[in-house]
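What you see is a predicted model; the values in this text were computed from it and never measured.
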Amino acid sequence: MILTGGRVLLPEGIRDDLDVVIADGRITSLPPRGTDHGAAVTDLGGRLVTPGLIDLHVHGFAGACFDEGTDQGAAVLRGLARQGVTSAQASLVSASVERLAELLAGFAAVDRTVEGGAELLGVHLEGPFLAASQCGAHDPAVLRPPRAADVDLLLRHRDVLSMITLAPELPGAVEATGLLSGAGVVVAAGHSDARGDDLRAAVDAGLTHITHLWSGQSGTVRRGPWRIPGLLEESLAADHLTAEVIADGRHLPPALLEIARRCVGERLCVVSDGTPGTGLPRGARYRLGTVTCEVGDGVGLVVGADAFGGSTSALPDMLRHLTGDLGWPVPEAVAAATSTPARVLGLAGRKGTIAPGADADLAVFDDGFHPWATVLRGRWIGPEGISA
């Protein structure tokens with residue numbers, strides 16, 4: 001496959017004078033535009049070509065949900081691919097440890113590269129080791145502190161378990177962090193009332209990531225005259241942790257996104273936190289585990305509660321908001337949805353970049369980050385479907 005006529009986003013910036021040559025699922029070269037390749041080329045008509053988007057935190061898409069198992073999971077991955085998302089973690093909401101282990105076993109048994117779908121990078125367990133006071137759209141009835149037996153059961157599926165979000169202040173959380181991180185699982189802090197000492201203890205045990213800043217995070221409190229930072233402020237002040245934002249224009253107002261940008265910088269990831277409500281009309285209902293949610297005005301809402309129920313936007317919608325509404329430079333915004341997530345999962349150099357030797361995962365966008373086509377593991381997915 002040879003792509004020409006595109007504006008190619010490289011680590012050093014956008015180039016409009018290069019072709020992209022692909023073979024055997026890899027990018028093989030980036031020759032000057034107009035090179036005689038001795039083969040047919042696909043002209044992209046000046047459209048923007050970025051690395052394939054990587055969504056570290058997504059629960060569902062267009063009525064389908066990872067929590068319902070592998071068949072619906074495959075539908076989610078196919079839907080994401082048509083949005084320019086070429087790799088994703090399957091995020092599961094809180095449930096019993098036994099149920100989560102069952103789901104892990106199911107995902108471990110299937111091909112991670114479903115036909116026409118984004119590559120499944122692994123499973124992200126968002127719970128159940130979360131603080132009930134910061135439950136958000138998680139059922140508080142299933143939340144619990146981690147036990148060694150719980151961690152052992154989950155680690156039986158280490159091949160597919162890639163990330164877990166937990167509350168560092170819970171009894172046993174630091175010990176669980178050490179066991180999980182020692183097995184190569186990315187441990188993130190989230191849905192938590194942690195203070196600085198709690199977070200530092202977890203970081204010392206191997207925690208490296210922060211789940212969706214401002215969403216389910218404790219803030220500063222006063223004890224007498226003393227101000228005690230919460231998980232939010234400690235996360236923003238950290239100089240080495242990676243962190244997520246949900247940039248749908250609903251979860252966080254512009255000022256908070258700008259604070260995250262300035263504090264976290266190149267360690268910042270944009271995630272969709274997308275749900276089965278993504279792409280559904282306003283008023284449509286969907287479930288996250290046992291919790292019923294409804295599509296509101298551009299966001300998911302927990303029915304009967306004053307809480308968001310995840311997002312109803314895909315990553316291109318977030319990039320459109322960041323670059324079009326807030327004025328972030330395109331390379332910076334795209335890096336937060338490509339190269340930085342790849343680095344979080346130890347995939348830097350293979351995914352999240354356009355370079356010789358990298359996976360041939362590309363997204364092609366019309367102006368305003370409207371998806372036009374996707375190159376998925378070297379195969380074209382566009383208006384005319386999938387081709388070799």
Side-chain angles (χ1 to χ4, degrees), residues 1-10 14-31 33-35 37 39-55 58 61-62 74-88 113-121 270 272 274 278-279 313-320 322-324 330-331 333-335 337-339 341-342 350-356 358-388:
M1 182 184 299
I2 301 161
L3 307 180
T4 192
R7 295 181 293 120
V8 183
L9 180 56
L10 302 182
I14 297 174
R15 296 278 299 271
D16 61 3
D17 58 347
L18 299 176
D19 291 344
V20 183
V21 181
I22 295 166
D24 299 323
R26 300 279 179 145
I27 299 169
T28 60
S29 63
L30 300 170
R33 182 179 295 181
T35 300
H37 302 287
V41 299
T42 299
D43 193 326
L44 302 181
R47 293 178 174 87
L48 179 65
V49 185
T50 76
L53 306 184
I54 300 173
D55 202 339
V58 57
F61 186 88
V76 175
L77 294 169
R78 291 190 181 99
L80 292 176
R82 283 160 177 77
Q83 297 292 312
V85 177
T86 56
S87 305
T113 54
V114 61
E115 177 75 10
E119 181 177 347
L120 179 65
L121 297 177
V270 174
S272 73
T278 303
S313 299
L315 281 182
D317 304 311
M318 313 245 166
L319 295 178
R320 187 179 312 120
L322 292 174
T323 59
V330 167
V334 172
T338 56
S339 59
R350 183 165 78 85
K351 293 190 178 294
T353 187
I354 299 178
D359 287 356
D361 291 336
L362 304 170
V364 184
F365 295 105
D366 279 321
D367 289 344
F369 283 99
H370 294 282
W372 186 73
T374 306
V375 178
L376 187 67
R377 301 182 290 278
R379 301 190 69 189
W380 178 266
I381 300 179
E384 299 178 359
I386 304 173
S387 62

**Item:** Worked verdict on L9 versus T338 for side-chain contact (heavy atoms from CB on, under 4.5 Å)
**Value:** CA-CA 11 Å; L9 180 56; T338 56; over 6 Å; no
message: Run the side-chain contact (heavy atoms from CB on, under 4.5 Å) test on I27 and V20 for me, step by step, so that the C-alpha distance in whole Å, both residues' side-chain angles and the decisive distance to 0.1 Å come before the verdict.
response: CA-CA 7 Å; I27 299 169; V20 183; 4.2 Å; yes
Quiz prompt | Audit row: L10, L18, side-chain contact (heavy atoms from CB on, under 4.5 Å) steps and yes/no | solution = CA-CA 10 Å; L10 302 182; L18 299 176; 3.6 Å; yes
Using side-chain contact (heavy atoms from CB on, under 4.5 Å), reason through T4 and H37 one step at a time and then give a plain yes or no. CA-CA 11 Å; T4 192; H37 302 287; over 6 Å; no
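Between L3 atom CG and W380 atom CH2 the span is 6.0 Å, to the nearest 0.5 Å. Here the straight-line distance linking atom CG of D317 with atom NE2 of H370 works out to 8.5 Å at 0.5 Å rounding. To the nearest 0.5 Å, the span separating CZ on R379 from CE on M1 amounts to 9.0 Å. To the nearest 0.5 Å, atom CG of residue L362 and atom CD1 of residue I22 are 5.0 Å apart. Atom-to-atom distance recorded for I381:CD1 and L376:CG is 4.5 Å, nearest 0.5 angstrom.
D361 places a side-chain N or O within donor-acceptor distance of the main-chain N or O of R377, the cut-off being under 3.5 Å. R78 contributes no side-chain N or O that, together with a main-chain N or O of G116, makes up a donor-acceptor pair within less than 3.5 Å. At distances below 3.5 Å, not a single donor-acceptor pair connects side-chain atoms of R47 with backbone N or O atoms of F365. No donor-acceptor distance shorter than 3.5 angstrom exists from the side chain of S29 to the backbone of V21, with no hydrogens or angles considered. Not a single donor-acceptor pair under 3.5 Å links the side chain of R26 to the backbone N or O of P356.
Using a 4.5 Å cut-off on side-chain heavy atoms (C-beta onward), S272 and M318 make contact. With a 4.5 Å cut-off on side-chain heavy atoms, V58 and T278 do not count as touching. A heavy-atom distance below 4.5 Å is found between the side chains of L48 and F369.
With a 6.0 Å radius and a threshold of 12 heavy atoms from other residues, nucleotides or ligands, D366 has its CG atom above the threshold.
Nearest approach of A355 to L30, heavy atoms of both residues: CA-CD1, 4.3 Å. Of all the heavy atoms in L319 and T323, the pair that sits closest is O-OG1, 2.7 Å. The two residues A335 and P341 come nearest to each other via the heavy atoms O-CD, 3.7 Å. Nearest approach of A118 to S87, heavy atoms of both residues: CB-N, 3.9 Å. What you find for D16 and R7 is that their closest heavy atoms are CB-CG, 4.2 Å. Nearest heavy atom pair, residue V49 against residue I354, reads O-CD1, 3.8 Å.
A salt bridge is absent between R33 and D17; no separation between the charged side-chain nitrogens and carboxylate oxygens falls under 4.0 Å.
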